[in-house]
Amino acid sequence: MHKVFERVFFRESRASQVVLINFINAILTESLSSPIKQIICQQYQKSYLLKDFQLGLNIKAQTRAKEIVQIGIQVHQQDYFQNQSNSLTFHHINNKGEDEDKVARFLIHLLNFNLLQEYAHYHNCYQTVHSPRSNPQQNTEIHYLELLKFKTKRPKSSLEKWLYFIHHVGRKTPNLFYEHLTKIDPYIKLADHLYQRTRSTIVIKEDQFNLDEWREHGQLQEKEQIAMNMIKAGFSDQEILKVIDITKKQLEDLALTAQLL
C-alpha cells in the first residue's frame with residue numbers, strides 16, 4: 001500500500017496535489033464545511049520500525065471558503081497500536097501571527113490491517129476530548145480507514161472509488177472494472193498514470209522545513225503554471241518543451257491535470 005502513496009499522493013508535483021486534494025475531500029466530505037481548494041505546504045515522514053514501514057504527510061491547506069486546515073495522513077502496514085511502535089508525529093505547520101484556535105485539525109490513519117474489531121465498516125471517525133480548561137476548537141478529528149474491511153466490488157462514491165483504486169492499482173491480473181474506472185473518472189485516470197510511470201525509488205524528505213527546498217518547489221510550480229497555460233492555449237508538446245525547462249514526463253502529468261482544473 002505504501003507504494004501507492006509514495007508514487008501517487010505524496011509527490012511534490014501539481015498532478016499529485018490534484019489527486020491528493022480529491023482523495024482528502026472524499027474522506028472528509030462530511031467533516032468539512034467547505035472542500036479543500038489548495039495545499040499551502042506539506043511535510044513528509046517515513047520510518048522503518050519493528051519491521052513496520054510507516055509513511056506520513058502533514059499538510060496545511062486552504063478550503064474554498066478560505067479557511068485554514070491542518071491534516072495529518074499516516075499509512076501503516078502492520079498493527080503498530082499493538083506493538084506500540086508508531087514513530088510518526090502529527091505536528092502543525094503554522095505561520096507567525098496565525099490564530100491557531102481557528103484552524104481545524106484532522107488526522108487520517110490508513111491501515112492495512114483490522115484495528116477496530118467491534119466495527120464492521122471500514123471508515124470510522126472519532127473526536128478527541130480535552131479537559132474543560134482547553135479550547136474545544138483545538139480538538140482533532142481522527143479518521144480510521146481499515147482497507148481489509150473494504151469489500152465493495154462496484155464503487156459509487158468518491159471515497160469508494162479511491163479505496164478501490166488503492167486495492168487494485170498495479171496488479172498483474174487484469175480487472176475489467178478497474179480499467180473501466182480509469183476511463184470514466186479523470187482523477188483515477190491521472191492517479192493510475194502517476195503510479196504506472198513512476199518506477200524509480202522515491203526519496204521522501206524527512207527533515208524539517210527547508211527554505212531553499214521550498215524556493216525550488218516554488219520555481220517548479222511557476223514553470224508548471226506556465227506550461228499549463230500553454231497547454232490550454234493549444235501549444236504542442238514540442239513547442240512547450242522548447243520554451244520551458246521541464247521533462248516530458250512532467251508535461252504528460254500536466255496534460256492530464258489540465259483536464260481537471
Gap separating the [atom1] atom of [X] from the [atom2] atom of [Y], nearest 0.5 angstrom:
| X | Y | atom1 | atom2 | result |
| --- | --- | --- | --- | --- |
| Arg105 | Ile71 | CZ | CD1 | 12.0 Å |
| Gln62 | Lys60 | CD | NZ | 9.5 Å |
| Gln74 | His109 | CD | NE2 | 5.0 Å |
| Ile188 | Lys183 | CD1 | NZ | 15.0 Å |
| Ile39 | Ile24 | CD1 | CD1 | 5.5 Å |
| Glu141 | Ile108 | CD | CD1 | 9.5 Å |

[Y] reachable from [X] in the ILVMFWY side-chain graph, under 4.5 Å edges:
| X | Y | answer |
| --- | --- | --- |
| Tyr178 | Ile184 | yes |
| Tyr119 | Leu115 | yes |
| Phe113 | Tyr126 | yes |
| Leu107 | Leu116 | yes |
| Leu148 | Leu145 | no |

Holding to side chain to side chain contact (heavy atoms under 4.5 Å, CB included), I want the full list of residues that pass it with [X], two or more places apart in sequence or in another chain.
| X | answer |
| --- | --- |
| Leu32 | Asn25, Leu28, Ile36, Val69, Phe106 |
| Thr173 | none |
| Ile244 | Lys223, Ile226, Ala227, Met230, Ile240, Ile246 |
| Ala65 | Ser34, Thr63, Glu67 |

Query - salt bridge (Lys or Arg N to Asp or Glu O under 4.0 Å) contacts touching residues 150-172 (sequence neighbours left out) - result: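 Sorted pair list: Lys161-Asp185.
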Could you work out, with side chain to side chain donor-acceptor pair (under 3.5 Å) as the rule, every residue matching [X], not counting sequence neighbours?
| X | answer |
| --- | --- |
| Asn112 | none |
| Tyr187 | none |
| Glu179 | none |

Go through the structure and list residues passing ring-ring contact (aromatic ring centres under 6.0 Å, His included) with [X], not counting sequence neighbours.
| X | value |
| --- | --- |
| Phe165 | Trp162 |
| Phe150 | Tyr122, His167 |
| Tyr164 | His168, Phe177 |

Considering only heavy atoms from C-beta outward, does the side chain of [X] approach that of [Y] to under 4.5 Å?
| X | Y | result |
| --- | --- | --- |
| Met1 | Val75 | yes |
| Leu20 | Arg11 | no |
| Leu241 | Leu251 | yes |
| Ile166 | Phe23 | yes |
| Ser158 | Asn22 | yes |
| His123 | His143 | yes |
| Val8 | Val169 | no |
| Glu12 | Gln42 | yes |

Query - Over 12 foreign heavy atoms within 6.0 Å of CD, Glu30 - result: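 Atom CD in Glu30 is not packed in, count stays at 12 or less.
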Report task. Check the surroundings of atom NZ in Lys189: do more than 12 heavy atoms from other residues, nucleotides or ligands lie under 6.0 Å from it? Result ->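 Count not over threshold, so no.
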Requested in this report: Determine, stepwise, if the pair Leu57 / Phe9 fulfils side chain to side chain contact (heavy atoms under 4.5 Å, CB included).
Outcome: CA-CA 10 Å; Leu57 183 68; Phe9 299 104; over 6 Å; no
Query raised in the report: Who passes salt bridge (charged side-chain N to carboxylate O under 4.0 Å, His left out) against Asp253, sequence neighbours left out?
Result: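 In terms of salt bridge (charged side-chain N to carboxylate O under 4.0 Å, His left out), with neighbours along the sequence ignored, Asp253 is linked to Arg197.
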Query - Trace of the side chain to side chain contact (heavy atoms under 4.5 Å, CB included) decision for Leu254 with Ile231 - result: CA-CA 8 Å; Leu254 291 172; Ile231 291 171; 3.9 Å; yes
Requested in this report: Would you name the heavy atoms of His121 and Glu146 that are closest together and state the gap between them?
Outcome: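 Scanning both residues completely, I find the closest heavy atoms to be O-OE1, 4.0 Å.
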Report task. Check the pair Lys149 / Asn114 against side chain to side chain contact (heavy atoms under 4.5 Å, CB included), numbers first and verdict last. Result -> CA-CA 7 Å; Lys149 293 180 180 178; Asn114 291 335; 3.3 Å; yes
Query raised in the report: Taking the side chain from Thr247 and the backbone from Gln250, do they hold a donor-acceptor pair closer than 3.5 Å?
Result: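 Present.
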